[in-house]
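Everything quoted here is computed from the prediction, not taken from an experiment. In the text below, chain A, chain B and the rest are named by the order of the sequence lines, each starting its count at 1.
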Amino acid sequence: MSPARALPEASLGTAIDTAAAVRSGDRSAIDVIEERLARIAADEEQVHAFNLLSADAARDRARAIDEAVAAGDDPGPLAGVPVAIKDNLCTRGVATTCSSRILAGWEPPYDATVVTRLRQAGAVMIGKTNLDEFAMGSSTEHSATGPTRNPHDLARVPGGSSGGSAAAVAAGFAPIALGSDTGGSIRQPAALCGVVGVKPTYGLVSRLGLVAFGSSLDQVGPFATTVADAAVVCEVIGGHDPGDSTSLPQPFPSVVEHLDDGVDGLRVGLVTEMLGEGIADDVGARVRAAAEALAAAGATVEEVSVPAVTYGLSAYYLVAPAEASSNLARYDGVRYGVRVDAPTAGEMMEATRTAGFGDEVKRRIMLGTYALSAGYYDAFYGQALKVRTLIRADFDAAYERFDVLLSPTSPTTAFAFGDKTADPLQMYLNDVCTIPTNLAGHPAASVPFGIGEDGLPIGVQVMAPALGEIVMFRVAAVLEGAA
Amino acid sequence: MSSIDLDRWEVVIGLEVHAELATRTKLFSAATAEFGGEPNTHIDPLTLGLPGSLPVLNSHAVELAIRVGLALNCTVQRSVFARKNYFYPDQPKNYQISQYDLPINADGFLELPSGKIVGVERAHLEEDTGKSTHIGGGGRIHDAQYSLVDLNRAGVPLLEIVGRPDLRNAEDARAYVSELRAVLVAVGASDGKMEEGSLRVDCNVSVRERGAAEFGTRCEIKNINSLRSLGRAIDYEAARQVDLIDSGERVVQQTRHWNEDDGRTHTLRSKEGADDYRYFPDPDLIELDPDPEWVERIRAELPLLPAERRHRLAERVGGSTEAVALIVDRGLDVLCLAAIDAGADAGRVVTHAEHNLSDERARDLDPAAFASLVRMETDGALTATQAKTVLAELVERGGDPASIAAAKGFEAMDTSELEGIVDGLISAHPDEWQRFCDGDVKVTGFFVGQVMKATGGKADGKAVTALLNSRTA
């Protein structure tokens, strides 16, 4: 199958330009929405980025924004900007399913904090995007609503788990989208779909209203067509939320203000362990080209070894499933969601969970339950926590010598449907470069940097120490200009 | 079941007390923590365990937990919330947020009125579950037709106070719970109402032969709803275990259910295959490390605790341990001390507080009026019986003891008048008098009663007894 089309985002404009036009009255918000809805109408059937479209609510909201502008009010920095929301973020009165049968039809009575903040900034939600069930996967193939297709090649996956959000932005359905990243679920699909994806420092963006997968790893972040759009969204959604106990008591760093600061004098480390075995040659070549581009812009570039990252995958597949096994225990058919009746309460719970969860979710619940069990805790979960500490220490050591670290986002370009579903371990290996930063709680961004031998997008990952968002965005902006 | 031979057997008891903390809202959310209410009205997204909801720790619950910890002489320490994972319909998240290896309060003790010291292993914070009502079958989940779940109570803060196995009989166990309740109420941490479930007692009982080094296998008894049940359940369970051992069987570690109606404990579930709760630190919460200055401020603001109040009163009055404990329990120690300060006789004050002031309103008695009443009595202006009547009136309506006594026509009897009456009675009842002279103390009451009848209650009972004794010589 041939690619759906060339990247369309340029023709429909960035979030920043759209908001500027709407705020100044040059363009109506309803016109912006209709334009995007038209593109969705044309292509969504092929892409399947959305679990739900909220076209009418978006139109109502756009008209209200236009009225506000007409009345002389400022609807905010994202005035009239359409946004797609990953379907594991709670939206008041709008079904939130996590692409799981078990939550089919469930409508939250509240908005996630990030959704509230986007609305307060004038953004207009146009729909809820597809994902691997409960964000567990790297291809969006594990979805109860069927897979999302990569807009660059409909025979290939968009990556995952936030594949719907990445595809929506790549297909021009919305200039920006929100995703969640537990082990790479924003960055990897961003790389595979040729868009910008950012996972902020753990605690900088509220998790309140994000349906939990691995609570100590989960972080909400943006997809965008430009680094600047992603920066604006970060500042809007980030900052302290008293409703999330793990939220840091500070605002999101002022990344927008420093976007044009350049990289002159910055020290960039190329992570040795993420450039060798398992990384496709064309991907590795693009990462080295990115390093050269940064050097040309005034940065110093060196290779650096961060040995503990090689244990990241093993530690992650204990920590994340362990937390998930507990987080997903609440889906039992008692209070909400799907219920499969059975003679006793225990049997009802079992029948509900058996019918409601897909295979990958069940696999991880079993993994996690095992890892936390008496007699195994120390060997598995306890050991994984030690590795986590080790990874953080190795990163800290690297960040004494470097301002940012560079690596591929994903080992390969987008792969074909069914390529990795038969072998879960092959699927898990997709996240080998992204997982370590989740375990460390650090920020990282994926920036499109050219294409591979198959003509598909390649992403470069920029990693930074905790709260190092400003320098991370500076590097991302330079890479964007050099791509 | 026979009572056990205590020369041979020793009963070992350890109590786990769950106290609902008296906060306005739940442990991790803003839903009201008030008792009762229409089912499923004291709820919010977190109480329902809705996807995306997150816990935020209630700092008032932490303060109350620290107050109790300090009152129980515990170390207040850095603590971590952990998830205890198990599936149950009234457990909305199918895990309970509790504290596991690092509780907020560790290693304290409680002093009972008898002076006995009982160790407290820990007192940790956790959230309560909802309530299930099983319809049909025997009211148990296993054979119910259906179950109703009320989540009003889910998430209400609990302090689980784990006592060490230092108790050796039912009486001490009751005294422990009673004292613990008094401490909880004194520091304002809980209303201590067992009947509303704000104080729940689980009781671990084992028996061993005296002198044995190891504890016997224990059973945990649940569903104990009063101090009386606690005593009965322990006695029953200890006897059951001794009977088992005596008949060559062994005690199986299990959880047993106390049935108030038949006065027995029944198997609830076997604990031999220990439950695996898969505890791990709750990643939604950060570690709780109270500022030492805050803890010291809380310590400084603690009220006097029952044990301290007993010591303070005992130092002044020297009364019996039981009387002092009762007076403190009734909250009358401050009144008594004030009355004594105002010049009242300590012995009479204690006697009145112990025997004549069970009315709750006695706490509001004016110490000066109480003192002047006692002075009238010790000065001989009122008999003990008259003083009791006046005191009851004081509690009922307040006022001035002298005016009340005058209004009732109370005046001390003339000694010669009393002598005449007593002598007359001795002549009229020679048989009773002979028994009195032979040392039958019970007859004293007969004579005193007769004198009271003849004087319309004006006579002083003690004076009558003294007179009778003087006549035997």
Specify which of [options] makes the most heavy-atom pairs with chain B at under 4.5 Å.
options                       : answer
A/L217, A/L89, A/N327, A/D332 : A/N327
A/Y377, A/Y381, A/W106        : A/W106
A/V334, A/T96, A/T369         : A/T369

If we define contacts as heavy-atom pairs under 4.5 Å, which of [options] has the most with chain A?
options              : value
B/Q145, B/R83, B/Q91 : B/R83
B/D282, B/V56, B/L57 : B/V56
B/P92, B/S53, B/S29  : B/P92

Proximal component of [X], with respect to chain B [non-hydrogen, under 4.5 Å]:
X      : result
A/L208 : both
A/A374 : both
A/L328 : neither
A/Y202 : side chain
A/A371 : neither
A/P108 : neither

Between [Y] and [X], is there a side-chain donor-acceptor contact under 3.5 Å, judged purely by atom types and distance?
X      : Y      : value
A/N88  : A/S180 : yes
A/S206 : A/R117 : no
A/K128 : A/T91  : yes
A/Y376 : B/R278 : no
B/R153 : B/T129 : yes
A/S99  : A/D87  : no
B/T75  : B/D107 : no
B/S198 : B/E20  : no

Is [X] close to chain A through its backbone or its side chain, or both, or neither, when contacts mean heavy atoms under 4.5 Å?
X      : value
B/D284 : both
B/F280 : both
B/Y146 : neither

Give a yes or no on this: more than 12 heavy atoms of other residues, nucleotides or ligands lie within 6.0 Å of atom CD of B/E287.
->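 It does: B/E287 CD has more than 12 such atoms within range.
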Working for side-chain hydrogen bond (donor to acceptor under 3.5 Å, both in side chains), residues B/R250 and B/T217 | CA-CA 9 Å; B/R250 68 190 182 91; B/T217 304; 6.0 Å; no
